[in-house]
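See structure below.
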Amino acid sequence: MLRWPRRWPRWATVWVQFIRFRSHIGVSPYLTSLLAMGVLTSAVSRGADYIAIDDKLPQSLTFVERSMPLDWWGTVLVLAGLVAGVAWLRSWWGLVIIGHSVLAITFVMFGVGSLVAVTGDAWVGSGWRTGVGYIVGAGTTHIVLALTARHEWDRERARRQALERLAAGEER
Amino acid sequence: MPDLLALVKLVGAPWLLWVAILIVFISSAARVGSEMSDTVAKIFGPVGRHWQKRRDARIDQAAAAEDLRAQLIKVAAERDKAYDEALNLRRDLGYLRDQRDNNAWTRDQERQIQELTKSVTYLRNRGEMNDAYLRQDADYHRWDALGRLGDPPEYVSYVEFERRWIVSHGPFDMTTNER
């Protein structure tokens, strides 16, 4: 055990309470699926929108979105979203992890591009809401959903291993 | 942020974004593949072994969490049962207090025993009559099963036997605990 310091500072207590509080947050499987379906629908519709824009490129695109043809971005979003959605419905947790990881890094890059586009101006009031929304909203949600799928996969495998151990014990 | 802008302008290579996406895709696919099969894990060597070790640790953690959850459910059920028992005790004590009588609970138990004894006596008498009917009816069915040789024994229907039983033993009564 850690013996030093004798008295913890007050902010450490607050931080420990925050950590302990996180372990009590729980979302039901139904709500998690609902969240995943909503976020994936948003990503797929954004990708379809990118594909559908042919020649009339909007001026609001950041350098990230302009760096490659929009169809490529759209294809990535649609493919990853569809794969992750089907994998959610079929409980293929590996594909869920892959799809959400690709979507997360994509949205984080959009956010970085959006933040870079507003540099040089004042922080607030210069349009940084879009980048922050990309990174904190979309990116974090996809990462959390990927970790949730990984946790569910671990629980599934633990249950299967316990059953296998039980069967082996009965045979012996 | 200006530093970041300068960095991006200095690099000037937006295809690095695609490299990053590919890196994330390939690494996650490799990790998932290594977790799913040992063959894929062998391709990635020590990294694959590390991923498998992490996977096993996470699975053990999940199993421990499942065990803890099961224990928690058991403890909660025991707690609920103890709570119910305490509630029943409080209800009995409240009944006593409402009756203003220390022997009210005991007398209520005695009343319940009397009521139950009536039912038990009735059922016992019926059972006795049924057993007697089966015993005497067995003769007829034995004669029937063995090919109806010789004189038939007397066949008495259940209703007739019950009527005779009531005449000889008295009626079945659920309102008394006396035979």
Side-chain angles (χ1 to χ4, degrees), chain A residues 23 26 62-69 72-73 76-77 79-80 83 87 92-110 112-113 115-123 126 128 131 142-143 146-147 149-162 165, chain B residues 1-41 43-44 47-48 50-73 76:
Chain A
S23 66
T62 63
F63 86 97
V64 173
E65 290 155 315
R66 263 188 266 108
S67 65
M68 288 289 152
W72 293 22
W73 291 114
V76 166
L77 289 179
L79 273 183
V83 165
W92 294 336
W93 303 118
L95 284 180
V96 172
I97 294 168
I98 294 172
H100 277 300
S101 305
V102 169
L103 287 175
I105 187 66
T106 307
F107 281 123
V108 165
M109 279 175 176
F110 283 173
V112 169
L115 283 182
V116 166
V118 301
T119 52
D121 305 335
W123 269 101
S126 60
W128 72 326
H142 284 295
I143 288 171
L147 292 177
R150 197 178 74 169
H151 186 234
E152 190 54 38
W153 200 15
D154 293 341
R155 287 184 59 202
E156 217 176 81
R157 286 183 292 198
R159 239 175 285 140
R160 198 183 308 135
Q161 286 184 7
R165 240 177 280 129
Chain B
M1 290 308 280
D3 296 331
L4 188 59
L5 180 62
L7 185 68
V8 171
K9 280 181 178 171
L10 185 68
V11 173
W15 50 267
L16 280 175
L17 304 173
W18 283 92
V19 171
I21 287 181
L22 276 182
I23 284 173
V24 167
F25 173 70
I26 290 171
S27 65
S28 61
R31 182 158 188 171
V32 167
S34 301
E35 290 190 2
M36 286 180 78
S37 84
D38 297 338
T39 319
V40 180
I43 296 174
F44 295 100
V47 182
H50 175 68
W51 283 341
Q52 287 200 329
K53 226 185 291 170
R54 291 285 300 275
R55 173 201 63 183
D56 293 340
R58 278 191 281 109
I59 288 176
D60 291 346
Q61 204 178 351
E66 284 290 319
D67 287 348
L68 280 178
R69 192 172 291 124
Q71 287 181 30
L72 188 65
I73 288 171

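Every chain is numbered from 1, with letters handed out A, B, ... down the list of sequences.
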Check your understanding: Which region of V108(A), side chain (C-beta onward) or backbone (N, CA, C, O), has a non-hydrogen atom less than 4.5 Å from a non-hydrogen atom of chain B, or is it both or neither?
Key -> neither

Point to revise | From CG (D154(A)) to CD (E66(B)), nearest 0.5 Å | key: 11.0 Å

**Study point:** Interatomic distance, Q161(A) atom CD to D56(B) atom CG [nearest 0.5 angstrom]
**Key:** 7.0 Å

**Study point:** Contact origin within Q61(B) toward chain A - heavy atom pairs under 4.5 Å
**Key:** neither

Review point. So, do I21(B) and W73(A) sit near enough that their side-chain heavy atoms are less than 4.5 Å apart?
Key: yes

Review point. Between atom CZ of R55(B) and atom CH2 of W153(A), what is the distance when rounded to the nearest 0.5 Å?
Key: 8.5 Å

Review point. Considering only heavy atoms, which portion of E156(A) lies under 4.5 Å from any heavy atom of chain B: side chain, backbone, both, or neither?
Key: neither

Point to revise | R159(A) atom CZ, neighbour heavy-atom count above 12 within 6.0 Å | key: yes

Revision key, fill the gap. Tightest non-hydrogen contact, residues V24(B) and V102(A), listed as CG1-N, 4.4 Å

**Study point:** Distance in Å, R155(A) CZ paired with R69(B) CZ, rounded so as to fall on 0.5 Å steps
**Key:** 5.0 Å

Check your understanding: Which one of I105(A), T106(A), V76(A), I98(A) satisfies the side-chain contact (heavy atoms from CB on, under 4.5 Å) criterion with F25(B)?
Key -> I98(A)

